[in-house]
Each structure stands twice: as C-alpha cells, then as structure tokens.
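Written out below as structure tokens is the structure these notes cover.
By convention in this document, chain letters (A, B, ...) are assigned in the order of the sequence lines, proteins followed by strands, and residues within each chain are numbered from 1.
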2 protein chains.
Amino acid sequence: MADKTYNIGVEATMEVIGGKWKAIILCHLRHDTMRTSELRRAIPQITQKMLTQQLRELEADGIVQRRVYEQVPPKVEYCLTERGESLNMILNQLCKWGEANIDERRAKGEVIELIHRDDVSLEQNQSAS
Amino acid sequence: MADKTYNIGVEATMEVIGGKWKAIILCHLRHDTMRTSELRRAIPQITQKMLTQQLRELEADGIVQRRVYEQVPPKVEYCLTERGESLNMILNQLCKWGEANIDERRAKGEVIELIHRDDVSLEQNQSAS
DNA sequence: ACAATTACGTACTAAAAAGTGCGATACACA
DNA sequence: TGTGTATCGCACTTTTTAGTACGTAATTGT
C-alpha cells in the first residue's frame, strides 16, 4: 500500500464520499438496506456501471456491506457498515443544507425543483435556540 | 437561468462543496478571514489558477465574500458569508470524520500521514450522552 | 533600469471521472 | 426456441476537472 499524506481531515473524507454519486447513494442507504435495482430506481440518472463501480469503491473503503444471495435471478443487497453509519449525521446535514439552499435560491427567483425532500424530522437534531 | 432539477438535497450541497479543493478551502476559511497568499500557503498543492477559480465559484454561490483593497501590490481577502457560515458544522464534522478515519486506517497498518489535525475542541459540539 | 511583490486572466494540455454499448450468466415461463 | 429477469464485467468514447505555462498591473526597493 503506497504512502499517503493528507493535509487536513476533510481531504480524507471527501476521498470517500466525493464524486458525483457516492453521497447520493449513501443518503439512500442510510435509511434502508437496498438491493441494486432499488438503488437504480431511487437514482434514475445513474447508470448500472456507475452504480456498481461506486458501490465497489464504498465497499473497499469499508462504508457499505454487500450481501449476495445465491439465487437466480441474482439478488444483491447493500447496507451501511458500522463505519458507514458513522457518516449518518453528516449525510443528514448535507441533505438538509441542500434543501435549505434550494429554498433560498428559489426565493431569489431561480427555477429549481427538488423531487424528494427528506423527512428526517426528529432524528439526531440539536438545533440550539 | 436554466431549469435545474435535483432528486435529493445532498446533490445541491455537493454541487457547492464538491470537487478536489472547495471543501478544503472552506475548512480553512471557517476559522479566519484569509488573503489569497495565506490560502496558498495553507494549501500547498493547489495552483494559483485553481485557487482563484474555486474561490470565484464559491463567491458566485454566495458562500464566500471577496474583499479587494485598492493598494499595490494588491490585497484581496476572503471570508465566509452568512450562508457560508451555515456550513460550519458540516465542515467541522467532515474534518473530524476524516481524522478518525485516518486513525482507523493507520491502526490497520496503512502508512498514512495527516499534517494538520484540526483542534476544533469545544466549539459547536453537541455529542449527546 | 530592473527585480520583487500580489493577485488574476487566458490558451493550451493532461488526467480523471463518467457514460455508452455490448456480452455473460442461469433459470423461469410461454 | 425465444424472452424476461437481476447483476455484473469489459472495451471504448466523451465530458469534466485539474494542471502548465505564460502574460498583465502598479508600486517599492536596489
């Protein structure tokens, strides 16, 4: 394994959840275990190749767990590992911030649509005030 | 402004803080106002072009504020806007998660180095328990 | 005169990430 | 025999992102 150097923690995090698809995949998996086809339906624009590829990388990073059922047609399920679960709070906040931001932008006249608003409501919220 | 559609909030967030440099830049700016040259020293691998380009995009997204002092040689400072500040908690957590992850990986035998460990200690932390 | 300073732009190139199109498997069912 | 299912791999192309190399400005100090 080659020597690796980070300057600041966030670099290591973005290496794991960065890119066009990973954070989205993880946001879906944080609620449920899902099979490949469910993820594909939940993320319509992703291609099969990208989905598999990103899931493989997340697996290699110890974030998701892959479970294969030996049956035909195949059935493969993915869920977060313990390390993946430790991203839960971050994922929730990323979702919420994005939603709030979309609202602000819309209030300023931009034409934006948000298909699925996450209802995390009363989970690990700690809004001081 | 062209019509834009998101499926889930996190997409909008990653559009703003994604990419190789933005989250890193923001992590540095969350403590201080900094001028261009300070940022460059804080993030040694970034090129001048990338730094400027990313800052411009963050400015366009209303995340950072650019202040130009009319003097020679030029002096330009950047700081977070209110909207940028609203990312603070996320940025802290991204840093902390990365640090913890680096520790885990090192414990498993990987040869990793982390130059700057962030000491956010007692800021807006809310660890229940 | 000339270098150093600080911030930025622009044309061009290189590398990384994502997308397309195709094939494979192995069984069920018409 | 042929079609549908669910998952994945591979070769290839396109798009996006990042990096290189260079040039500008206006002033201070040598």
Point to revise | Rounded distance in Å - CE (Met50(A)) to P (dT16(D)) | key: 14 Å

Exercise for review: To the nearest Å, give me how far apart OH (Tyr78(B)) and C1' (dC8(C)) are.
Suggested key: 9 Å

Check your understanding: Looking at Thr52(A), does any N or O in its side chain come under 4.0 Å of the phosphate oxygens OP1/OP2 on dG9(D)?
Key -> no

Review point. Does the distance from a Lys or Arg side-chain N to an Asp or Glu carboxylate O, for Asp61(B) and Arg105(A), drop under 4.0 Å?
Key: no

Exercise for review: Quick one: label Tyr69(A) by what it contacts on the DNA or RNA (base, sugar-phosphate, nothing), any heavy atom closer than 4.0 Å.
Suggested key: nothing

Practice item. Nearest whole angstrom, please: distance from the P of dG9(C) to the CD of Glu57(B). Key: 12 Å

Check your understanding: Any Lys/Arg nitrogen of Glu110(A) or Lys4(B) sitting under 4.0 Å from an Asp/Glu carboxylate oxygen of the other?
Key -> no

Review point. Should Arg35(B) be listed as having a side-chain N or O under 4.0 Å from OP1 or OP2 of dT6(C)?
Key: no

Review point. Counting side-chain heavy atoms from C-beta on, which of dG9(D), dC10(D), dA18(D) comes nearest to Lys49(A)?
Key: dC10(D)

Point to revise | Verdict with supporting geometry, Asn88(B) and Glu85(B), side chain to side chain donor-acceptor pair (under 3.5 Å) | key: CA-CA 5 Å; Asn88(B) 249 315; Glu85(B) 295 284 355; 2.6 Å; yes

Point to revise | Spacing of Ile24(A) atom CD1 relative to dA18(C) atom P, expressed in whole Å | key: 10 Å

Study note, to complete from the structure: Taken to the nearest whole Å, CD1/Ile43(A) to P/dG19(C) is 12 Å

Point to revise | Rounded interatomic separation in angstrom, taking CD from Gln48(A) and C1' from dT25(C) | key: 14 Å

Point to revise | Side-chain heavy atoms of Leu39(B) within contact of Leu55(B), under 4.5 Å | key: yes

Point to revise | First of Val72(A) and Gly19(A) reached from the 5' end of DNA chain C, by closest nucleotide | key: Gly19(A)

Review point. Taking only side-chain nitrogens and oxygens of Ser37(B), does any of them come within less than 4.0 Å of OP1 or OP2 of dA7(C)?
Key: yes

Check your understanding: Could you state the CD-P distance from Glu15(A) to dA18(D), rounded to the nearest angstrom?
Key -> 14 Å

Check your understanding: Going by an N to O cut-off under 4.0 Å, is there a salt bridge joining Arg35(A) and Glu77(A)?
Key -> no

Review point. Side-chain N or O of Thr47(A) less than 4.0 angstrom from OP1 or OP2 on dT20(C)?
Key: no

**Study point:** Phosphate OP1/OP2 of dA17(C): any Lys20(B) side-chain N/O under 4.0 Å
**Key:** no

Review point. To the side chain of Val76(B), which of dA18(C), dA26(D), dC8(C) is closest?
Key: dC8(C)

Review point. Base, sugar-phosphate, or nothing for Gln53(B), non-hydrogen atoms under 4.0 angstrom?
Key: nothing

Practice item. Answer yes or no: does a side-chain N or O of Arg56(B) lie under 4.0 Å from OP1 or OP2 of dG9(C)? Key: yes

Exercise for review: Could you tell me whether Arg66(B) contacts a base, only the sugar-phosphate backbone, or nothing, with contacts defined as non-hydrogen atoms closer than 4.0 Å?
Suggested key: sugar-phosphate

Check your understanding: Is Asp118(B) salt-bridged to Arg30(B), going by a charged N under 4.0 Å from an acidic O?
Key -> yes

Exercise for review: Have a look at Gln71(A) and say if it touches a base, only the backbone sugar-phosphate, or nothing, with a 4.0 Å heavy-atom cut-off.
Suggested key: nothing

Review point. Quick one: Met14(B) CE to dA17(C) C1', roughly how many Å, whole number?
Key: 14 Å

